[in-house]
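The residues of the chain are indexed from 1 along the displayed sequence.
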Amino acid sequence: MGPDNDSQISGLILLGLSNKPELQPLIFGLFFSMYVVTILGNLLIILAVSSDSHLHTPMYFFLANLSFVDICFTSTTVPKMLVNIQTQNKVITYEGCLSQMFFFILFEGLDFLLLTVMCYDRFVAICHPLHYTVTMNSHVCGLLVLVCWIISILNSLSETLMVLQLSFCTVMEIPHFFCELDQMIQLACSNTFLNNMMVFFAAVLLGGASLAGVLYSYSKIISSICGISSAQGKYKAFSTCASHLSVVSLFYCTSLGVYLSSAAPQSSHASAVASVMYTVVTPMLNPFIYSLRNKDIKRALIRFSGMAMMKGTIVLG
């Protein structure tokens with residue numbers, strides 16, 4: 001079957017995680033539950049940080065931005081999957097597929113960059129505490145987040161425009177629950193060398209550089225913590241970055257698992273299942289990791305819940 005022009009592609013078929021009809025209600029219920037928990041958990045983090053003046057610090061500013069990105073990241077893929085299961089229609093338009101791919105790459109890149117920025121924040125706080133308030137002032141924090149957005153938008157835009165240059169066969173079935181970039185490239189009937197090179201360089205620049213920054217920062221952080229004489233001081237210093245370290249480990253380990261599964265031959269289904277970990281599970285667990293291991297977040301959530309109950313009582317009264 002010869003390659004056709006992109007404009008002639010009426011739609012694509014998202015095969016999802018399973019073709020078995022009896023499993024569809026279970027998959028729908030599971031993903032719907034995880035999606036609701038993800039939205040509510042991250043939204044609570046944002047509301048707690050914004051409503052409590054004690055949390056108006058760089059660390060929690062970045063955490064609120066990460067929660068917002070996680071909401072958007074999950075919302076890029078899961079709602080369409082739930083609609084497809086409910087309507088028993090696996091078709092997605094070509095334009096819709098490109099849009100989904102653009103926003104997925106955008107928010108994935110933002111996750112990498114924001115986790116790196118948060119790591120830098122902990123590095124300055126622990127290794128250079130006397131310069132922390134000057135180095136991490138509000139203007140610098142805002143600029144760091146803005147740079148993260150600009151880099152992610154440029155990367156996502158360039159990779160999506162590269163896909164627009166490809167020609168595809170008339171029938172396109174994606175063995176995934178969303179329009180994933182690698183799957184789109186594999187389905188192309190035209191030469192994909194430039195696309196593969198773009199994906200490789202983006203992975204090195206975003207993923208590799210981010211990981212290098214995280215490893216370097218934590219090597220310095222661990223060295224500084226080991227230099228603290230008192231056990232209480234060591235515990236206090238480590239507790240300030242324990243939640244972030246847990247989130248970073250979870251995100252990078254699941255991302256690496258997806259990369260390794262996609263690199264294996266004939267592993268489209270395995271790659272789709274592995275993608276669930278960092279597209280759905282990780283954003284869902286992040287609020288729990290930060291709230292359960294952080295006393296400030298716990299207090300803010302309790303205070304926010306109390307204020308919400310009081311307002312509800314006043315309205316009802």
Side-chain angles (χ1 to χ4, degrees), residues 62 65-66 69-70 72-73 76-77 98 100-123 143-166 174 176 178-188 190-222 244-265 267-268 270-272 274-279 282-283 286:
F62 294 133
N65 277 273
L66 180 66
V69 170
D70 280 342
C72 297
F73 189 36
T76 302
T77 58
L98 287 178
Q100 189 181 63
M101 186 172 62
F102 171 82
F103 286 110
F104 180 84
I105 298 171
L106 168 64
F107 294 121
E108 181 186 29
L110 276 169
D111 258 333
F112 277 107
L113 294 173
L114 282 175
L115 287 173
T116 307
V117 168
M118 293 173 73
C119 187
Y120 174 70
D121 171 72
R122 292 299 84 204
F123 163 73
L143 183 61
L144 286 172
V145 172
L146 179 61
V147 169
C148 289
W149 274 93
I150 292 173
I151 293 174
S152 296
I153 289 172
L154 291 176
N155 172 60
S156 181
L157 188 61
S158 61
E159 297 208 54
T160 305
L161 289 175
M162 289 290 289
V163 172
L164 274 172
Q165 308 304 314
L166 297 174
I174 301 177
H176 221 299
F178 66 95
C179 292
E180 204 261 341
L181 177 61
D182 288 337
Q183 296 292 337
M184 290 287 288
I185 294 175
Q186 291 176 21
L187 290 173
S190 55
N191 191 297
T192 60
F193 175 77
L194 291 177
N195 298 81
N196 289 321
M197 291 301 295
M198 175 69 76
V199 171
F200 174 77
F201 283 120
V204 171
L205 292 176
L206 282 180
S210 298
L211 181 59
V214 168
L215 292 176
Y216 174 79
S217 296
Y218 270 108
S219 67
K220 293 295 184 180
I221 289 172
I222 293 172
H244 176 260
L245 183 59
S246 301
V247 170
V248 167
S249 302
L250 181 63
F251 186 78
Y252 277 97
C253 287
T254 53
S255 300
L256 182 62
V258 172
Y259 175 78
L260 293 176
S261 64
S262 62
S267 61
S268 298
S271 177
S275 295
V276 174
M277 289 301 298
Y278 82 100
T279 58
T282 301
N286 286 353

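Phe104 is linked by a ring-ring contact (aromatic ring centres under 6.0 Å, His included) to Phe73, Phe178, counting only residues two or more places apart in sequence or in another chain. Partners of Leu161 under the side-chain contact (heavy atoms from CB on, under 4.5 Å) rule, at least two apart in sequence or in another chain, are Leu157, Leu164. Remark: Cys253 engages no residue in a side-chain contact (heavy atoms from CB on, under 4.5 Å) (not counting sequence neighbours). Listed by chain and residue number, nothing satisfies the ring-ring contact (aromatic ring centres under 6.0 Å, His included) test with Phe102 (two or more places apart in sequence, or in another chain). Residues meeting the ring-ring contact (aromatic ring centres under 6.0 Å, His included) test with Tyr252, sequence neighbours left out: Phe112. Shown here are the side chain to side chain donor-acceptor pair (under 3.5 Å) partners of Asn191, two or more places apart in sequence or in another chain: there are none. Take Asp111 and apply the side chain to side chain donor-acceptor pair (under 3.5 Å) test, not counting sequence neighbours, and it matches no residue. For Thr192, the side chain to side chain donor-acceptor pair (under 3.5 Å) partners are Asn196, not counting sequence neighbours. Residues passing the side chain to side chain donor-acceptor pair (under 3.5 Å) test with Tyr278 are Glu108, sequence neighbours excluded. Leu206 pairs by the side-chain contact (heavy atoms from CB on, under 4.5 Å) definition with Leu113, Ile151, Asn155, not counting sequence neighbours. The side-chain contact (heavy atoms from CB on, under 4.5 Å) check on Val199 picks up Glu159, Leu181, Asp182, Ile185, with sequence neighbours excluded.
Residues Leu110 and Leu106 meet the side-chain proximity criterion, which asks for heavy atoms closer than 4.5 Å. Contact check for Glu180 versus Met101: no side-chain heavy atoms found under the 4.5 Å cut-off.
Here the shortest heavy-atom pairing between Ser217 and Cys119 reads CB-SG, 3.3 Å.
Checking side-chain atoms of His244 against main-chain N and O of Leu115 turns up a donor-acceptor pair under 3.5 Å. Remark: the backbone N or O of Phe251 is not paired with any side-chain donor or acceptor of Thr282 at under 3.5 angstrom. With hydrogens and angles ignored, the 3.5 Å screen pairs a side-chain donor or acceptor of Thr160 with a backbone N or O of Ser156. No donor-acceptor distance shorter than 3.5 angstrom exists from the side chain of Gln183 to the backbone of Ile174, with no hydrogens or angles considered.
The CE atom of Met198 lies 4.5 Å from the OG atom of Ser158; values are rounded to the nearest 0.5 Å. With values rounded to the nearest 0.5 angstrom, Met197 atom CE is found 10.0 Å from Met162 atom CE. The line from CG of Leu114 to CG of Leu66 is 6.0 Å long, rounded to the nearest 0.5 Å. For the atom pair Asp70 CG and Asn65 CG, the distance stands at 11.0 Å (nearest 0.5 Å). With values rounded to the nearest 0.5 angstrom, Gln100 atom CD is found 11.0 Å from Ile105 atom CD1. Expressed to the nearest 0.5 Å, how far CG of Leu215 lies from OG1 of Thr116 amounts to 10.0 Å.
Using cut-offs of 30° and 60° on the angle between ring planes, the pair Phe123 and Tyr216 is tilted.
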